[in-house]
Amino acid sequence: MAPAQSKGRVLLAYSGGLDTSCILAWLLEQGYEVVCFMADVGQEEDFEAARKKALGVGALKFHLEDMKREFVEQLIYPAVQANAIYEGVYLLGTSLARPVIARGMISVAEKEGCELTQPSYVSHGCTGKGNDQVRFELAFYGLKPSIKVIAPWRIPEFYTRFAGRSALLAYAAEKRIPVVQTASKPWSTDENLFHISYEAGILEDPNVTPPADMWKLTTDPLHAPDAPERLTIEFKTGLPVKVATEGGKTYTDSVEIFVALNTLARKHGVGRIDIVENRFIGVKSRGCYESPAATILRRAHMDLEGLTLDRNVRALRDQFVTVQLSNILYNGYFFSPEREFVTSCLPASQRTVNGTVRLALYKGNVIVEGRFSDESQKLYDEKESSMDELGGFEPTDTSGFIRIESIRLRKWGAANIQKGQAGTAPEDVYGTRV
């Protein structure tokens, strides 16, 4: 059983970095037993070194969960089907990983609860200004309403004591916590299989150009190969099921597909963005992201939809599912009734998104070179679309179509003329007169 003086057991989302290592020591100092948790969601990490560090600081246990497949199949691929994107630019790499990590944490907390000492708390190292604190905690409560959360960066006793990095470094030295100095890399990162993000430090000035050595995953497009590299991606119901490269390699496993696309995209400098976004809590934030495979998949998937998806279905999906799911993911409402409802719309919208897209990767660009699908026979008629033959299309039918479509416009134009609001001057025609 837990020692009499213990306040309880805490499951800490541990990264192995300065912040969570200091939080681990601080929780122990406060009288908690601490179990550390790490999720392998595809980040390039020395997990064994993190384990040794956590146990060395004083963690009771260290749990490492391989969650890459769950991440790809349950979060990334539905986002691909939805063409999920936040504010038109951000592909949601951090947002997508949080529900997986949270579910893994709650699962481990419940396993630990089978013992006599119940882990009644979870903890994280998210800052008090960021989105991740919201994402993690809403997920925790959606999965286990009775869980208690310790968020040190929102506890005055903690954040006043550790007001800056120097205070954390001094505390780490006091507790003999090994720290890798990163003064030469003045920004913070978050990495998973989908992407890596960079923020804070010198990047807080939105007009500072990121240094060339910041970008970890992708080749500088200026230094990428001078020859394009070609590949094909096959989709079934909007999901990538096969990737074939011009080198003769084929991938069909979901995780292997994503890893292979990452490798190709990184080589050719695909997937970099530098943006200012609106955080859920109301603060604007500058972030730089590398999302190699995700950029390829979104480009290919959207292209195939142009060939295989009904116009009105696509419009409804774009206007509702894409926008709503993107906001739900970004804001941390994954474990919610609205997310269940929105994702339930995906299978119907993707039923016909079957086919293959041919691509070329070249100096940061994803170039579509062609696409084909058996589904296209139902929607795309080459003869009907041709400018060289009628193909069963009767041009005179369009006259009636235009007459019907112009009824309201004629009435609007006539009303403006009666009011004297219509004329032929540019400011009248384009509505720019003040």
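On a predicted model such as this, the values are computed, not experimentally measured, just so you know.
Proximity of V41 to L193: side-chain heavy atoms (C-beta onward) are nowhere separated by under 4.5 Å. M214 has its side chain within reach of W187: a pair of non-hydrogen atoms, C-beta onward, lies under 4.5 Å apart. Between H63 and K111 the shortest side-chain heavy-atom distance does not fall below 4.5 Å. Looking at heavy atoms from C-beta onward, Q350 lies in side-chain contact with R317 at the 4.5 angstrom threshold. At a threshold of 4.5 Å between non-hydrogen side-chain atoms, the residues F71 and N192 count as touching. Taking 4.5 Å as the limit, every side-chain heavy atom of S349 sits out of range of all side-chain heavy atoms of V321. Put simply, the side chain of Q74 does not reach to within 4.5 Å of the side chain of R69, judged on heavy atoms. Two residues are said to be in side-chain contact when any heavy atoms from C-beta on lie closer than 4.5 Å; I85 and L92 fail this criterion.
With sequence neighbours left out, the side chain to side chain contact (heavy atoms under 4.5 Å, CB included) criterion links T209 to no other residue. Applying the side chain to side chain donor-acceptor pair (under 3.5 Å) rule to R351 yields no partners; only residues at least two apart in sequence or on another chain are considered. T232 pairs by the side chain to side chain contact (heavy atoms under 4.5 Å, CB included) definition with A244, T356, R358, not counting sequence neighbours. Looking at residues two or more places apart in sequence or on another chain, you find a salt bridge (Lys or Arg N to Asp or Glu O under 4.0 Å) between D40 and K68. Partners of F320 according to the side chain to side chain contact (heavy atoms under 4.5 Å, CB included) rule, which considers only residues two or more places apart in sequence or in another chain, are Q324, F341, V342, C345. Residues that satisfy the salt bridge (Lys or Arg N to Asp or Glu O under 4.0 Å) test with R299, not counting sequence neighbours, are absent from this structure. Residues satisfying the side chain to side chain contact (heavy atoms under 4.5 Å, CB included) test with N331, not counting sequence neighbours, are F280, N327, Y333.
E277 and Y330 get closest at one heavy-atom pair: OE2-OH, 2.5 Å. Between P152 and H124, the shortest heavy-atom distance links the atoms CD-O, 3.3 Å. Among all heavy-atom pairs drawn from V80 and G238, the shortest one is CG1-O, 4.3 Å. Nearest heavy-atom pair, I281 versus G128, reported as atom, atom and distance to 0.1 Å: CD1-O, 4.4 Å. Taking each heavy atom of E137 and A151 in turn, the nearest pair found is OE2-CB, 3.7 Å. Nearest heavy-atom pair across C126 and Q133 is CB-N, 3.6 Å.
Using a distance-only test at 3.5 Å, with no hydrogens or angles considered, no donor-acceptor pair links the side chain of S373 to the main chain of T308. A donor-acceptor pair under 3.5 Å is formed between the side chain of S336 and the backbone N or O of R339. Listed for the Y171 side chain is no donor-acceptor partner under 3.5 Å among the backbone atoms of R161.
A donor-acceptor pair shorter than 3.5 Å can be found between the side chains of N354 and E375. Side-chain atoms of T218 and R266 form no donor-acceptor pair, as typed in the model, at a separation below 3.5 Å.
Counting only residues at least two apart or in different chains, salt bridge (Lys or Arg N to Asp or Glu O under 4.0 Å) contacts with residues 83-108 comprise E70-R103, R98-D132, R98-D190. Pairs passing the side chain to side chain donor-acceptor pair (under 3.5 Å) check and including a residue from residues 241-251, sequence neighbours excluded, do not occur. Sorted by first and then second residue, the salt bridge (Lys or Arg N to Asp or Glu O under 4.0 Å) pairs with a member in residues 215-238 read E44-K216, E191-K216, D226-K363, E229-K267, R230-E369; sequence neighbours excluded. Residue pairs meeting the ring pair (Phe, Tyr, Trp, His ring centres under 6.0 Å) criterion with at least one member in residues 282-319, sequence neighbours excluded: Y90-Y289, H195-Y289, F235-H301.
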CA sep, side-chain torsions, deciding dist, call: K148, S146, side-chain contact (heavy atoms from CB on, under 4.5 Å): CA-CA 7 Å; K148 298 180 180 69; S146 62; over 6 Å; no
Worked check of salt bridge (charged side-chain N to carboxylate O under 4.0 Å, His left out) between E45 and K53: CA-CA 13 Å; E45 182 73 61; K53 187 174 184 178; over 6 Å; no
Candidate pair L261 and L297, rule side-chain contact (heavy atoms from CB on, under 4.5 Å), full reasoning: CA-CA 8 Å; L261 289 176; L297 283 175; 3.6 Å; yes
Test side-chain contact (heavy atoms from CB on, under 4.5 Å) applied to S285 and E199, step by step: CA-CA 8 Å; S285 171; E199 61 181 8; 3.9 Å; yes
L91/L96 under side-chain contact (heavy atoms from CB on, under 4.5 Å): CA gap, chis, key distance, verdict: CA-CA 9 Å; L91 295 181; L96 287 165; over 6 Å; no
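One finds the CG atom of D205 at 6.0 Å from the CG atom of N207 (value rounded to the nearest 0.5 Å). Distance check, rounded to the nearest 0.5 Å: CG of N131 to OH of Y86 gives 7.5 Å. Considering CZ of F194 and OG of S95, their distance stands at 9.5 Å, rounded to 0.5 Å. Note: I257 CD1 to I296 CD1 = 12.0 Å, rounded to the nearest 0.5 Å. D310 CG to E305 CD: the interatomic distance, rounded to the nearest 0.5 Å, is 11.5 Å. Within the model, atoms OG of S197 and CD1 of I273 stand 10.5 Å from one another, a figure rounded to the nearest 0.5 Å.
In summary, of the residues considered (R9, K61, K7), a salt bridge (Lys or Arg N to Asp or Glu O under 4.0 Å) with E33 occurs for R9 alone.
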Tabulate below the donor-acceptor pairs under 3.5 Å that side-chain atoms of residues 17-27 make, not counting sequence neighbours, or state none.
| from | atom 1 | to | atom 2 | distance (Å) |
| --- | --- | --- | --- | --- |
| T20 | OG1 | S15 | N | 3.1 |
| T20 | OG1 | S15 | OG | 3.0 |
| S21 | OG | Y14 | OH | 2.9 |
| S21 | OG | G17 | O | 2.8 |

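Ring centroid separation for the pair Y198 and W215 comes in under the 6.0 Å cut-off.
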